[in-house]
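For reference, the structure discussed in these notes is given below.
Sequence positions, counted from 1, serve as the residue numbers for this chain. Bear in mind the structure is a predicted one, so any value in this text is a computation, not a measurement.
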Amino acid sequence: MVSESVLNCDPEASAWRGLVRGMPGDGRVRRFREQLGLPVDRPIIMAGHQAQLWHPGILVKHLAGEALAERLGGVSVWLVVDQDANEPFQFAAPARKGDEPMRRVELDLLPPAQRGGPKRPTGLRPAIRPEHPGRTGVFDDRLDALVEAVAERAGESSAAAQVTQALFDWLDGIIARPKLVFASRIAETDLFQSLLESAKQDTEAWSAGFNLAVDAVPGSGAGRLRAGEDPELPMWRLDGRGRRVRARVSDLGS
């Protein structure tokens, strides 16, 4: 049985080229790019995903961005969403035993003794020595290569960096390696500091704007911010165990 895959582009891919703007004239934009290590003299085509062993559908975003960047003489950038608390070493794979039908299995390269514990952002979780999840009967040579690629990146600074670098190592020769930007680095920029200052000056507008966006997209999974004496902001902060918790106005002073 073969399932049909559908590729949705909104707007249509034929319109993408016309949406790319010229070089940034605003000095703040140029400074933001520089602080993230991005060029200021070429268009930037950015895609990205959480730091994990993602499925081929995510790969399509990179392929599309790479193709557009090549046509425009720009640079392809991959944004690693390393402030999310997803499981970076888990992934789904096809499996089959003998003549049985193909089935889906969930695999995990994290050794069982290291599973569980507080849900921390992948950018704060340490790199690991992966454990082979076992044979699946389908593309086992590629699975072996993936485990090896993750093992070779065990010296990276975080789990997010490890899985991201390992994925592009594993796909070397198949796709081009993009420029990487880790989302947590945005907090180190002048632009982010100006956003914090804006939140201090007009917290009501920040919360109201976020709630309007949530209401406009029912079923998005995003929750409205709570008001009250110490209203919530559309930001995360970290507690004493490195876990994400919703930020409030009172947190802006620290």
Strictly below 4.0 Å, N to O, side chains only: are [X] and [Y] in salt-bridge contact?
{"X": "Glu106", "Y": "Arg104", "result": "yes"}
{"X": "Arg31", "Y": "Asp26", "result": "no"}
{"X": "Glu156", "Y": "Arg153", "result": "yes"}
{"X": "Asp239", "Y": "Arg241", "result": "no"}

Once you round to the nearest 0.5 Å, how far does [atom1] of [X] lie from [atom2] of [Y]?
{"X": "Arg243", "Y": "Arg120", "atom1": "CZ", "atom2": "CZ", "answer": "10.5 Å"}
{"X": "Leu107", "Y": "Leu53", "atom1": "CG", "atom2": "CG", "answer": "10.0 Å"}
{"X": "Ile186", "Y": "Leu191", "atom1": "CD1", "atom2": "CG", "answer": "8.5 Å"}

If you look at every heavy atom in [X] and [Y], which pair is closest and at what distance?
{"X": "Pro88", "Y": "Ala159", "answer": "CG-CB, 4.1 Å"}
{"X": "Trp16", "Y": "Ala64", "answer": "CZ3-CB, 3.8 Å"}
{"X": "Glu232", "Y": "Ser207", "answer": "O-OG, 2.9 Å"}
{"X": "His62", "Y": "Ala176", "answer": "NE2-O, 2.9 Å"}
{"X": "Pro121", "Y": "Leu238", "answer": "CG-CD2, 4.0 Å"}
{"X": "Gly37", "Y": "Lys179", "answer": "O-CE, 3.2 Å"}

Any chance the side chains of [X] and [Y] put a donor and an acceptor closer than 3.5 Å?
{"X": "Gln50", "Y": "Asn86", "result": "no"}
{"X": "Gln201", "Y": "Glu197", "result": "yes"}
{"X": "Glu66", "Y": "Ser76", "result": "yes"}
{"X": "Thr122", "Y": "Asp82", "result": "no"}
{"X": "Arg177", "Y": "Gln165", "result": "yes"}

Quiz item: Stepwise, does the side chain to side chain contact (heavy atoms under 4.5 Å, CB included) test hold for Leu180 with Val77?
Solution: CA-CA 6 Å; Leu180 298 179; Val77 176; over 6 Å; no

Would you find a donor on one side and an acceptor on the other, under 3.5 Å apart, between the side chain of [X] and the backbone of [Y]?
{"X": "Asp169", "Y": "Ala149", "answer": "no"}
{"X": "Arg33", "Y": "Pro39", "answer": "yes"}
{"X": "Gln162", "Y": "Val150", "answer": "yes"}
{"X": "Trp170", "Y": "Arg142", "answer": "yes"}
{"X": "Asp140", "Y": "Thr136", "answer": "yes"}
{"X": "His49", "Y": "Leu59", "answer": "no"}
{"X": "Thr164", "Y": "Ala160", "answer": "yes"}
{"X": "Arg244", "Y": "Gln83", "answer": "yes"}
{"X": "Arg248", "Y": "Asp230", "answer": "yes"}

Hey, does [Y] have a side-chain heavy atom less than 4.5 Å from the side chain of [X]?
{"X": "Val147", "Y": "Pro133", "value": "yes"}
{"X": "Phe89", "Y": "Gln52", "value": "no"}
{"X": "Leu110", "Y": "Arg129", "value": "no"}
{"X": "Leu63", "Y": "Ile175", "value": "yes"}
{"X": "Leu233", "Y": "Asp251", "value": "no"}
{"X": "Val29", "Y": "Val40", "value": "no"}
{"X": "Leu195", "Y": "Trp206", "value": "yes"}
{"X": "Pro231", "Y": "Val249", "value": "yes"}

Exercise. Report the C-alpha separation of Val20 and Ile45 in whole Å, then their side-chain angles, then the decisive distance to 0.1 Å, and conclude whether the side chain to side chain contact (heavy atoms under 4.5 Å, CB included) test is met.
Key: CA-CA 9 Å; Val20 178; Ile45 308 300; 4.1 Å; yes

Joint hydrophobic cluster, [X] plus [Y], side-chain heavy atoms closer than 4.5 Å:
{"X": "Leu171", "Y": "Val163", "result": "yes"}
{"X": "Leu124", "Y": "Phe182", "result": "no"}
{"X": "Phe32", "Y": "Val181", "result": "yes"}
{"X": "Leu167", "Y": "Val81", "result": "no"}
{"X": "Phe91", "Y": "Ile128", "result": "yes"}

Self-check item: salt bridge (charged side-chain N to carboxylate O under 4.0 Å, His left out) evaluation trace for Glu87 with Arg125
Solution: CA-CA 10 Å; Glu87 289 298 328; Arg125 291 178 58 170; 3.2 Å; yes

Self-check item: Thr203/Leu252 under side chain to side chain contact (heavy atoms under 4.5 Å, CB included): CA gap, chis, key distance, verdict
Solution: CA-CA 10 Å; Thr203 55; Leu252 288 172; 4.2 Å; yes

Practice problem: Under the side chain to side chain contact (heavy atoms under 4.5 Å, CB included) rule, what do Asp108 and Arg115 come out as? Steps first, then yes or no, please. | Solution: CA-CA 10 Å; Asp108 197 336; Arg115 298 174 190 174; 3.6 Å; yes

Check whether more than 12 heavy atoms from other residues, nucleotides or ligands sit under 6.0 Å from atom [atom1] of [X], and answer yes or no.
{"X": "Lys200", "atom1": "NZ", "value": "yes"}
{"X": "Glu188", "atom1": "CD", "value": "yes"}
{"X": "Glu70", "atom1": "CD", "value": "no"}
{"X": "Arg28", "atom1": "CZ", "value": "no"}
{"X": "Arg71", "atom1": "CZ", "value": "no"}

Quiz item: Under 30°, 30 to 60°, or over 60°: which ring-plane class applies to Phe168 and Trp54, parallel, tilted or perpendicular?
Solution: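 Phe168 and Trp54: perpendicular rings.
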
